[in-house]
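Report on one structure; see the data block that follows.
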2 protein chains.
Amino acid sequence: MTFVVVGGDAAGMSAASKARREAPSREIVVLEQGQWVSYGACGLPYYVKGEIQSLEELVSVTPEEFRRERDIDLRTGHEVVDVDPDDRTVTARHDGGETTVGYDHLLVATGAESVVPPIDGVDREGVYTLGSMTDGKELREFVARSREEGPAAQPDNGPACHFLETCEGAVGVVGGGYIGVEMAEALAANDFEVHLFQRGDRVLKGFSEATSEAVADHLREQDVALHLGAEVRAFAGDDRVDAVVTADERVAVEMSLLGTGVRPRTDLAEDAGVELGPTGAIATDAYRETNVPDVYAAGDCAEVEHVVTGEPDYVPLALTANRHGRAIGQTVAGDPTEGGPAAGTAAVKAFDIEAARTGILDHEEAAAAGFDPVTETIEAKSRAGYYPEDGRVTVTLTADRGSGRVLGASLVSGYGEGAVHRSHAVVAAVTEGVTVAELADYDLAYAPPFNTTWDPVLTAAKVLGGRL
Amino acid sequence: MTFVVVGGDAAGMSAASKARREAPSREIVVLEQGQWVSYGACGLPYYVKGEIQSLEELVSVTPEEFRRERDIDLRTGHEVVDVDPDDRTVTARHDGGETTVGYDHLLVATGAESVVPPIDGVDREGVYTLGSMTDGKELREFVARSREEGPAAQPDNGPACHFLETCEGAVGVVGGGYIGVEMAEALAANDFEVHLFQRGDRVLKGFSEATSEAVADHLREQDVALHLGAEVRAFAGDDRVDAVVTADERVAVEMSLLGTGVRPRTDLAEDAGVELGPTGAIATDAYRETNVPDVYAAGDCAEVEHVVTGEPDYVPLALTANRHGRAIGQTVAGDPTEGGPAAGTAAVKAFDIEAARTGILDHEEAAAAGFDPVTETIEAKSRAGYYPEDGRVTVTLTADRGSGRVLGASLVSGYGEGAVHRSHAVVAAVTEGVTVAELADYDLAYAPPFNTTWDPVLTAAKVLGGRL
């Protein structure tokens with residue numbers, strides 16, 4: 001019995017490792033086109049920022065450790081070019097030519113790639129994405145070079161430059177999602193004048209409006225120049241980008257990052273007859289098996305059902321990839337295990353604040369799923385009112401009017417004030433399908449250094465309950 | 001219709017306030033024997049420590065605000081001496097004599113009092129408890145006086161004194177529960193040499209052994225002299241205590257705090273024919289009504305059913321008091337509302353670490369409730385391994401072997417590393433009766449500054465799941 005995995009990151013290596021633990025004698029082959037495996041891409045912004053000193057630190061288990069300690073036949077530099085489900089083989093190209101490997105079970109864990117929108121000049125030098133370790137390396141090199149040499153050209157962007165004491169150089173960040181916000185922090189920490197361009201009218205659009213506003217206010221406080229409702233029309237320049245151009249303005253920059261999302265890498269699977277779902281990612285059943293027998297898919301290339309609606313969703317985040325990979329490893333080892341649904345939970349740090357979201361917040365999305373959504377936002381102290389450290393937490397909670405069921409939440413607070421960990425209670429509530437009254441009755445931990453007697457999450461549930 | 005409340009703290013004032021909001025024209029009378037109402041007794045250690053400057057800061061709503069803004073007939077200095085359920089009246093003694101008030105609904109919210117064990121010399125001057133605002137005031141005065149005057153007598157306790165640079169004076173803390181641990185911090189912060197005496201072999205015995213050990217180690221690091229397995233036999237001295245005496249040693253002190261727990265104040269209720277439950281606190285139904293019709297009980301004088309076992313429990317903590325008071329207020333206003341069960345959740349800060357516990361951890365207790373308990377403790381990083389801030393969280397999780405149901409948890413971490421807020425996920429799991437496999441599948445928020453991809457709670461669930 002051979003288990004073949006295509007792609008050696010979170011889902012792939014979780015599956016291979018779990019299969020090895022559960023089935024010590026199984027042959028396990030992992031084919032990875034690059035040189036890096038099992039790395040924490042989520043850490044790249046902190047590498048670019050300079051808080052992490054080498055890319056190697058982002059690697060949780062090295063290729064050598066997988067080979068020696070886990071007895072996994074890991075082949076890096078192997079690009080899989082064909083899957084033949086009839087013969088049950090995969091063919092990979094590598095330096096030495098081509099190799100074909102037979103499989104009994106196959107996992108497609110090909111991940112996602114950064115979306116590169118068709119913007120004029122997007123191919124110019126100095127326009128970066130941040131999807132891979134290589135991307136991270138290039139960005140770090142840019143930052144290091146720029147710090148050593150000083151800015152390529154002193155930009156004159158008018159008032160924005162006055163925000164900073166050391167206006168060394170201006171950079172653009174296109175997209176106000178996690179990557180955009182985290183990279184704004186990383187670049188600002190390196191004394192760049194950061195211009196963040198967001199097509200829509202708010203950053204972190206998957207979070208609540210209250211969270212978006214809090215983050216936007218904080219970004220401005222940190223001297224990030226926020227350009228909202230600003231669709232980028234072009235990256236101007238000669239060989240190299242020297243300005244980001246929107247309908248309204250032209251901002252001189254010495255580089256620009258594209259943080260406009262990711263899309264699943266599905267070509268290989270599609271060629272093999274694997275069906276995609278409505279989101280454009282690979283469709284699977286609860287065991288993460290595709291329509292092709294014994295071919296599984298997990299991680300950023302695959303769909304997951306939403307815990308509230310049960311409908312297919314595309315949530316390319318690390319925990320789901322790990323969780324589903326692990327479940328598949330257990331399944332192919334002979335113990336069929338469902339890789340559970342996802343709640344669309346996400347967390348982000350932006351300079352000195354933190355935010356989390358889970359479930360369904362968008363009223364259109366909730367209505368489409370048959371709910372009658374009601375939303376309430378409260379602001380509360382993060383500790384007892386009399387406790388000396390004084391922080392605040394803002395909680396947005398959405399529920400269904402008829403049933404009272406908790407549908408989703410978005411929290412924001414100062415960094416260390418607990419918005420992210422406090423969201424754990426709501427993730428559970430959303431997963432268990434409890435009502436706001438039931439959530440308000442949770443016996444959450446209380447002591448003055450950690451919350452008010454009613455944790456802000458409970459207060460939000462009480463207040464929202466009063467409106468249903 | 002008159003709603004009479006006996007006792008003006010958390011349960012009483014929550015009930016009165018909620019009844020007022022729901023029934024604007026109802027007559028609401030609160031009889032409180034002292035002068036303080038609606039105060040945060042949990043904040044007293046921080047007042048003694050000196051982080052809170054006045055007792056008034058601990059008051060969330062003043063008597064005047066209750067009277068003027070909430071139209072509640074709050075009578076302080078009124079000690080209720082009799083309840084007549086046949087006539088439906090209560091009689092209170094006060095400066096001006098006695099007053100009898102008729103009720104349609106009555107809430108007994110008489111709270112708890114510090115246990116004063118029958119130890120020789122316990123009445124000596126300098127032996128304190130910390131149950132009331134008055135207690136807090138006396139302790140603060142002792143601390144202030146001692147700081148001004150220097151220690152009453154320079155103690156010579158041998159090696160322990162060498163721990164401290166400024167060995168101004170030694171104090172005893174008897175009992176290693178929340179109050180003992182919090183007061184050790186408060187007194188050490190005021191340069192006292194703190195001797196903590198614990199009869200059993202570990203502090204915070206309601207938490208896991210791993211948590212107790214972590215807290216004990218940390219207390220020692222903070223130069224608290226821990227005396228474990230040390231039953232106090234006497235408070236020696238003349239008028240004033242000058243030593244704590246155990247079977248093995250005599251430790252010179254200039255004061256000692258008793259933190260040996262609380263017991264429910266039930267005399268008034270018992271005299272009125274109200275029945276107590278197996279814990280010795282007042283028994284109620286799910287609406288917090290006692291065996292005497294229209295007489296309710298809530299807060300530190302009453303029982304609550306445990307969310308796991310459904311059996312009566314005594315958990316004299318603030319959130320349950322608030323929650324049950326609020327439910328009673330709603331019920332007496334005409335909307336019958338259950339005051340839900342409790343999970344026995346508690347949190348504590350000890351110097352620079354934090355801990356939380358919830359549910360059932362004790363194996364004997366679990367077995368008595370019909371479970372076959374299995375416990376696992378894991379230690380994990382509190383953020384991504386590569387993230388620069390490096391903290392740790394220790395999670396102890398207990399589940400039932402047969403069903404996999406999560407029964408309880410205990411977490412400990414550095415202060416700010418999230419042990420307390422991370423416990424929210426387990427409180428929900430315990431409340432909803434989920435299995436460790438289901439808990440391990442929760443889509444908890446993840447980003448490198450907040451946890452590893454699997455939050456330590458999820459890791460604990462995975463590891464424990466592997467042992468069932």
Side-chain angles (χ1 to χ4, degrees), chain A residues 10 40 42-43 46 51-52 57-58 60 178 307 317-320 322-323 340-349 354 356-358 384-388 415-416 418 420-425 427-429 431-432 434 438 440-451 453-455 457-458, chain B residues 10 40 42-43 46 51-52 57-58 60 178 307 317-320 322-323 340-349 354 356-358 384-388 415-416 418 420-425 427-429 431-432 434 438 440-451 453-455 457-458:
Chain A
C42 317
Y46 306 99
E51 290 185 333
I52 298 166
E57 289 179 49
L58 297 181
S60 53
Y178 319 125
V307 78
L317 290 176
L319 177 57
T320 306
N322 275 272
R323 193 149 46 82
T345 313
V348 66
K349 172 178 178 287
E354 61 177 77
R357 59 93 60 220
T358 190
Y386 49 74
Y387 198 76
Y415 182 53
V420 171
H421 297 143
R422 288 179 214 259
S423 77
H424 286 8
V427 173
T431 304
E432 301 303 329
V434 309
E438 287 165 337
D441 262 1
Y442 276 178
D443 188 21
L444 299 184
Y446 158 67
F450 308 104
N451 36 21
T453 310
W454 300 82
D455 188 272
V457 165
L458 302 177
Chain B
C42 316
Y46 306 99
E51 290 185 333
I52 299 166
E57 289 179 48
L58 298 182
S60 53
Y178 320 124
V307 77
L317 291 175
L319 178 57
T320 306
N322 275 271
R323 193 150 46 84
T345 313
V348 67
K349 173 178 176 288
E354 60 178 78
R357 61 91 61 219
T358 190
Y386 50 74
Y387 198 77
Y415 182 53
V420 171
H421 296 143
R422 288 178 214 259
S423 77
H424 286 6
V427 173
T431 305
E432 301 302 330
V434 309
E438 288 166 336
D441 262 1
Y442 275 178
D443 188 21
L444 298 184
Y446 157 66
F450 308 104
N451 38 19
T453 310
W454 300 83
D455 189 272
V457 166
L458 301 177

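By convention in this document, chain letters (A, B, ...) are assigned in the order of the sequence lines, proteins followed by strands, and residues within each chain are numbered from 1. The figures here come from the full heavy-atom set of this structure, side chains too, leaving out hydrogens, waters and symmetry mates.
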Requested in this report: Using non-hydrogen atoms and a 4.5 Å limit, figure out which bit of B:L317 sits close to chain A: side chain, backbone, both or neither.
Outcome: neither

Report task. Name the option with the most non-hydrogen atom pairs under 4.5 Å to chain B; the candidates are A:G385, A:G40, A:G416. Result -> A:G40

Report summary line: Ranked by heavy-atom pairs below 4.5 Å to chain A, first place among B:A343, B:G340, B:A346, B:P449 goes to B:P449

Query raised in the report: Out of A:E57, A:R422, A:E354, which one racks up the most heavy-atom pairs below 4.5 Å with chain B?
Result: A:R422

Report summary line: Turns out that what part of B:A384 lies under 4.5 Å from chain A's heavy atoms comes down to neither

Report summary line: Honestly, the part of A:A342 sitting under 4.5 Å from a heavy atom of chain B is both

**Report entry** Under 4.5 Å from any heavy atom of chain B - which part of A:A429
**Finding:** neither

Requested in this report: Looking only at non-hydrogen atoms, find the nearest pair between B:A347 and A:A445 and report the distance.
Outcome: CB-CB, 3.9 Å

Report summary line: Hits for ring-ring contact (aromatic ring centres under 6.0 Å, His included) against A:Y46, two or more places apart or cross-chain, chain-then-number order -> B:Y387

**Report entry** Shortest non-hydrogen separation from A:A428 to B:A428 and the atoms involved
**Finding:** CB-CB, 3.2 Å

Requested in this report: Under 4.5 Å heavy-atom distance to chain A, tell me which part of B:V434 shows up: side chain, backbone, both or neither.
Outcome: side chain

Requested in this report: Can you tell which part of B:Y415 gets under 4.5 Å to a heavy atom of chain A, answering side chain, backbone, both or neither?
Outcome: side chain

Query raised in the report: Taking only residues two or more places apart in sequence or in another chain, which ones pass ring-ring contact (aromatic ring centres under 6.0 Å, His included) with A:Y442?
Result: none

Query raised in the report: When you measure from the side chain of A:H421 to the backbone N and O of B:F450, does any donor-acceptor pair fall under 3.5 Å?
Result: yes

Query raised in the report: Taking all atoms of both residues into account, what is the closest heavy-atom pair of B:L444 and A:L319, and its distance?
Result: O-CD2, 3.5 Å

Query - Closest non-hydrogen atom pair, A:P448 against B:C42 - result: CG-O, 3.4 Å

Query raised in the report: Quick one: of B:V457, B:L458, B:D455, who has the most non-hydrogen atom pairs under 4.5 Å with chain A?
Result: B:D455

Report summary line: The interface call for B:S423 against chain A, heavy-atom contacts under 4.5 Å, is side chain

Report task. Check B:D443 against A:T320 and note the closest heavy-atom contact, atom names and distance. Result -> OD1-OG1, 4.0 Å

Report task. Could you check which of B:P341, B:A318, B:G418 has the highest count of heavy-atom pairs closer than 4.5 Å to chain A? Result -> B:A318

Query raised in the report: Less than 4.5 Å apart, any side-chain heavy atom of A:E438 and any of B:T431?
Result: no

Requested in this report: Counting only heavy atoms closer than 4.5 Å, note whether B:E51 contacts chain A via side chain, backbone, both or neither.
Outcome: both

Query raised in the report: A:A425 and B:H424: which non-hydrogen atoms are nearest, and at how many Å?
Result: CB-CB, 3.8 Å

Query raised in the report: Any sub-3.5 Å donor-acceptor pair from A:Y386's side-chain atoms to B:G43's backbone N or O?
Result: yes

Query raised in the report: Which atoms of B:A10 come close to chain A, meaning under 4.5 Å heavy atom to heavy atom: side chain ones, backbone ones, both, or neither?
Result: neither

